[in-house]
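Beneath this line is the structure, given in structure tokens, with notes to follow.
Counting starts at 1 for both ligands and their atoms, in listed order. Numbers here simply count residues along the sequence, with the first being 1.
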Amino acid sequence: MAVSVQRIQPGEWQALRDIRLRSLLDSPEAFGQRYDEAAAGTDEDWVANARASAEGDRRIWFLAQDDLGAIVGVVQARRRPPSDCLLFSMWVAPKARRLRVGAMLVDAVQDWSTSWGARRVVLWVLAANEPAMRFYDRIGFSILKDGPDADSGRAYGAFAMERLRPV
Ligand SMILES: CC(C)(COP(=O)(O)OP(=O)(O)OC[C@H]1O[C@@H](n2cnc3c(N)ncnc32)[C@H](O)[C@@H]1OP(=O)(O)O)[C@@H](O)C(=O)NCCC(=O)NCCS
């Protein structure tokens, strides 16, 4: 399966809604948002979300597409001044797992964040989500043991992890 990763286009709100809802149905335990909360969003909400993420350096969604045009992965990131990029909503469709799609999505986030001067990518992963922990560890993230991000994660059973900008 050949997969490419692209920043969302302004008009791709239905693709975004579909894959986000699929991810929340498939992996409800992995995310802070519930399926019914996301499903309650109006078309206007999704339109605005896609549009705001399609340009600029404040926020972004990347979509991974296979060679038949199916969306098989998604990730969201946001800028946190002065120099952090926060990564959320990471999901790869079961049929596309272990093909480096997840690694490509994270690399796309890191490349985008480097373009506006980010020093690192930060994320939270629930401690019970061992496959994701192993994934992030394998692609170069390390657990933050101290500091506000570690503390805020601990409060809901999650680890904060970071990957520094490549030198
Ligand atoms: C975690 C997830 C995003 C990984 O995506 P993926 O595309 O399968 O990952 P990759 O193929 O890029 O994996 C890269 C490496 O990470 C490690 N890895 C990935 N998934 C793993 C798993 N389930 N168990 C152990 N190691 C894993 C492997 O070392 C892998 O390399 P290899 O296949 O050559 O051994 C995917 O399993 C997923 O969507 N899970 C459900 C949602 C979720 O938990 N999201 C994270 C929320 S914080």
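Between the side chains of Gln110 and Arg163, at least one donor N or O lies within less than 3.5 Å of an accepting N or O. In this structure, a donor-acceptor pair under 3.5 Å is absent between the side chains of Asn49 and Arg17. Defined by atom type and a distance below 3.5 Å, a donor-acceptor pair is missing between the side-chain atoms of Ser23 and Asp26.
Residue Gly102 places at least one N or O, backbone or side chain, under 3.5 Å from an N or O of ligand 1. Polar contact check, Trp91 against ligand 1: no nitrogen or oxygen pair lies under 3.5 Å apart. Ligand 1 has an N or O atom lying under 3.5 Å from an N or O atom of Met90, backbone or side chain. In terms of polar-atom proximity, Arg138 is counted as a contact of ligand 1, with an N or O under 3.5 Å from an N or O of the ligand.
For the pair Thr42 (side chain) and Asp45 (backbone), a donor-acceptor distance under 3.5 Å is present. A side-chain donor-acceptor contact under 3.5 Å links Arg7 to the backbone of Ser53.
For Arg20 and Phe31, the positive end sits near the middle of the six-membered ring, less than 6.0 Å away and at most 45° from its axis.
Leu123 has its side chain within reach of Val125: a pair of non-hydrogen atoms, C-beta onward, lies under 4.5 Å apart. By the 4.5 Å heavy-atom criterion applied to side chains, Trp61 and Gln6 are not counted as neighbours.
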Distance-only donor-acceptor pairs under 3.5 Å for side chains of residues 68-90, two or more places apart:
| unit_1 | atom_1 | unit_2 | atom_2 | d |
| --- | --- | --- | --- | --- |
| Gln76 | OE1 | Arg78 | NE | 3.3 |
| Gln76 | OE1 | Arg78 | NH2 | 2.9 |
| Gln76 | NE2 | Ser89 | OG | 2.9 |
| Arg79 | NH1 | Asp57 | OD2 | 2.8 |
| Arg80 | NE | Asp84 | OD2 | 3.4 |
| Arg80 | NH1 | Asp149 | OD1 | 3.0 |
| Arg80 | NH2 | Asp84 | OD2 | 2.6 |
| Arg80 | NH2 | Asp149 | OD2 | 2.8 |
| Asp84 | OD1 | Arg120 | NE | 2.8 |
| Asp84 | OD2 | Arg120 | NH2 | 3.1 |

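Protein heavy atom in closest approach to atom 23 (N) of ligand 1: Pro131 CB, 3.3 Å. In terms of protein heavy-atom proximity, atom 25 (C) of ligand 1 is nearest to Arg134 NE, 3.3 Å. Looking only at heavy atoms of the protein, atom 35 (O) of ligand 1 is closest to Arg98 NH2, 3.2 Å. The closest protein non-hydrogen atom to atom 17 (C) of ligand 1 is Phe135 CA, 3.8 Å. Considering only non-hydrogen protein atoms, atom 48 (S) of ligand 1 sits nearest to Tyr136 OH, 3.5 Å. Ranking the protein heavy atoms by distance from atom 12 (O) of ligand 1 puts Ala103 N, 2.9 Å first. Closest to atom 38 (C) of ligand 1, if we only count protein heavy atoms, is Arg97 NE, 3.5 Å.
Applying the salt bridge (Lys or Arg N to Asp or Glu O under 4.0 Å) rule to Glu44 yields no partners; only residues at least two apart in sequence or on another chain are considered.
Ligand 1 places these atoms under 4.0 Å from at least one heavy atom of Asn129: 43 (C), 44 (O). Listed by atom number, the atoms of ligand 1 under 4.0 Å from Leu99 heavy atoms are 11 (O). Listed by atom number, the atoms of ligand 1 under 4.0 Å from Arg100 heavy atoms are 10 (P), 11 (O), 12 (O), 14 (C), 15 (C), 31 (O).
Nearest-heavy-atom check against atom 39 (O) of ligand 1 across Val92, Ile139, Val72 picks out Val92.
Counting heavy atoms closer than 4.0 Å to ligand 1, residue Ser27 contributes side-chain atoms (C-beta onward) but none from N, CA, C or O. Residue contacts with ligand 1 for Phe88 are absent, since no atom lies close enough (heavy atoms, distance under 4.0 Å).
The CD1 atom of Ile8 sits 11.5 Å away from atom CZ of Arg51, with the distance rounded to the nearest 0.5 Å.
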